[in-house]
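One structure is given here, and the rest of the page talks about it.
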Amino acid sequence: MQAVLIAGALVLIAVGAVIFTLVTPWWFTPQASNWGEIDSTLLLTIWITGIAFVLVNLFVAYTVIRYRHREGQRAEYLPEHKRLEWGLIALTTVGVIVLLAPGLFVYSRFITPPEEAMLVEVVGEQWRWTFRFPGPDGVLGEADPQRISFENPFGIDPDDPYAQDDVLVLGNELHLPVGVPVKLQLRAKDVLHSFYVPQFRVKMDTVPGMVTHLWFTPTEVGRYEIACAEYCGIGHHTMRGVVVVEDEESFRQWLATQPIFGSPAGRSE
Ligand code: CUA
């Protein structure tokens with residue numbers, strides 16, 4: 001009786017998990033970038049781990065009943081079973097490769113931006129996001145955390161000629177033109193943060209002392225929330241921002257309203 005109850009509970013868990021996955025409202029957000037491949041790899045993971053989960057539960061349920069305790073019956077002691085062990089090793093290896101390989105392929109594409117991608121710098125700090133565009137020369141000026149001050153929040157080298165036309169965006173809001181590939185170059189001023197825009201399927205840690213990067217093409221006009229996806233202190237939950245995706249013309253107009261490093265407006269907050 002007990003064995004049947006336990007087996008029943010296991011079957012219920014397996015069936016319940018499948019039903020939950022089919023009807024859950026917590027599914028992918030609508031996609032607004034080119035990264036459909038990221039959804040494919042996630043779905044592949046759900047399928048493989050889901051099938052394994054159901055099979056393991058059903059197998060345990062079966063064995064609980066099939067080998068339940070019976071009076072006068074003793075378990076067989078079988079410490080070694082070479083064929084079974086090699087079989088399990090092979091199966092697990094195939095499973096790990098199938099789970100890992102597609103993700104590695106997509107990741108290598110995710111961090112290899114196309115030549116023509118527009119460069120934008122993202123800086124994470126406790127607890128806000130700031131952004132920098134390289135200006136007409138297309139090159140960001142040298143920046144060094146040592147130079148960060150109230151007047152120079154990005155730590156930009158004031159003598160670097162490439163820095164003079166850099167556009168500074170200090171307001172947690174990043175505008176991007178629709179349909180244009182963007183390369184984000186990310187750094188952090190203080191602790192670990194993570195730049196995450198769910199609709200773009202884009203997430204990357206910002207690491208103090210390191211520059212990380214990724215790329216994507218926004219495909220839908222709209223406003224998208226930036227969330228910090230790495231716990232970074234007491235204000236972590238307030239570290240939000242917005243990406244506004246709009247047509248090229250509106251983007252140019254917005255960019256023109258932002259301060260330029262080499263101009264008097266760019267030298268203080
Ligand atoms: Cu920044 Cu959490």
Side-chain angles (χ1 to χ4, degrees), residues 25-35 38-39 41-42 45 103 106-107 110-111 113 117-134 140-157 163 166-176 182-218 220 222-245 254-255 258-259 261 266 268-269:
W26 295 293
W27 201 242
F28 300 129
T29 51
Q31 188 158 357
S33 85
N34 58 315
W35 286 120
I38 293 202
D39 287 6
T41 55
L42 285 173
T45 306
V106 177
Y107 184 76
F110 184 66
I111 59 165
M118 182 176 84
L119 180 63
V120 184
E121 184 185 56
V122 176
V123 183
E125 74 184 88
Q126 289 174 319
W127 288 279
R128 65 169 183 168
W129 299 102
T130 54
F131 310 93
R132 180 162 63 125
F133 287 81
L140 287 164
E142 279 300 325
D144 187 327
Q146 303 282 355
R147 273 193 228 98
I148 289 174
S149 67
F150 190 72
E151 291 75 29
N152 187 357
F154 287 81
I156 299 169
D157 179 355
D166 286 6
V167 181
L168 312 179
V169 182
L170 292 153
N172 269 325
E173 192 172 294
L174 171 68
H175 287 228
L176 293 174
V182 187
K183 176 187 174 179
L184 294 187
Q185 187 173 298
L186 309 104
R187 55 193 179 101
K189 278 192 195 171
D190 36 39
V191 300
L192 203 60
H193 304 276
S194 187
F195 180 88
Y196 182 34
V197 182
Q199 285 91 338
F200 296 158
R201 308 298 190 265
V202 155
K203 185 195 270 180
M204 183 61 76
D205 282 5
T206 72
V207 188
M210 229 179 115
V211 175
T212 52
H213 64 271
L214 59 87
W215 78 276
F216 66 101
T217 305
E220 303 281 337
R223 287 174 71 83
Y224 305 100
E225 187 188 4
I226 306 166
C228 178
E230 195 72 62
Y231 182 68
C232 55
I234 195 140
H236 164 66
H237 67 288
T238 65
M239 195 167 161
R240 297 167 127 181
V242 181
V243 179
V244 177
V245 176
W254 168 82
L255 195 65
Q258 302 301 313
F261 180 70
S268 63
E269 289 199 74

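When a ligand or atom number is given, it counts from 1 through the structure's own listing order. Not measured: the values here are computed from a predicted model.
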Quick check on atom 2 (Cu) of ligand 1: does H237 put an N/O/S atom closer than 2.8 Å to it?
no

Tell me, please, if Y231 has any N/O/S atom, main chain or side chain, under 2.8 Å from atom 1 (Cu) of ligand 1?
no

Closest H193 atom to atom 1 (Cu) of ligand 1 [N, O or S only]
ND1

Restricting to N, O or S atoms, which atom of E230 is closest to atom 2 (Cu) of ligand 1?
O

With atom 1 (Cu) of ligand 1 at the centre, find the angle made by SG from C228 and SD from M239, to 10°.
110°

Rounded distance (nearest 0.5 Å) linking atom NE2 of H193 with atom CD of E125:
7.5 Å

Any luck finding a side-chain donor-acceptor pair between R201 and T29 under 3.5 Å?
yes

Tell me, do W129 and L174 make a side-chain contact under 4.5 Å, heavy atoms counted?
no

Salt bridge flag under 4.0 Å for residues R147 and E142
no

Please check if the number of heavy atoms outside Y107 that lie under 6.0 Å from its OH is greater than 12.
no

Quick check: of its N, O or S atoms, which one does H236 have closest to atom 2 (Cu) of ligand 1?
ND1

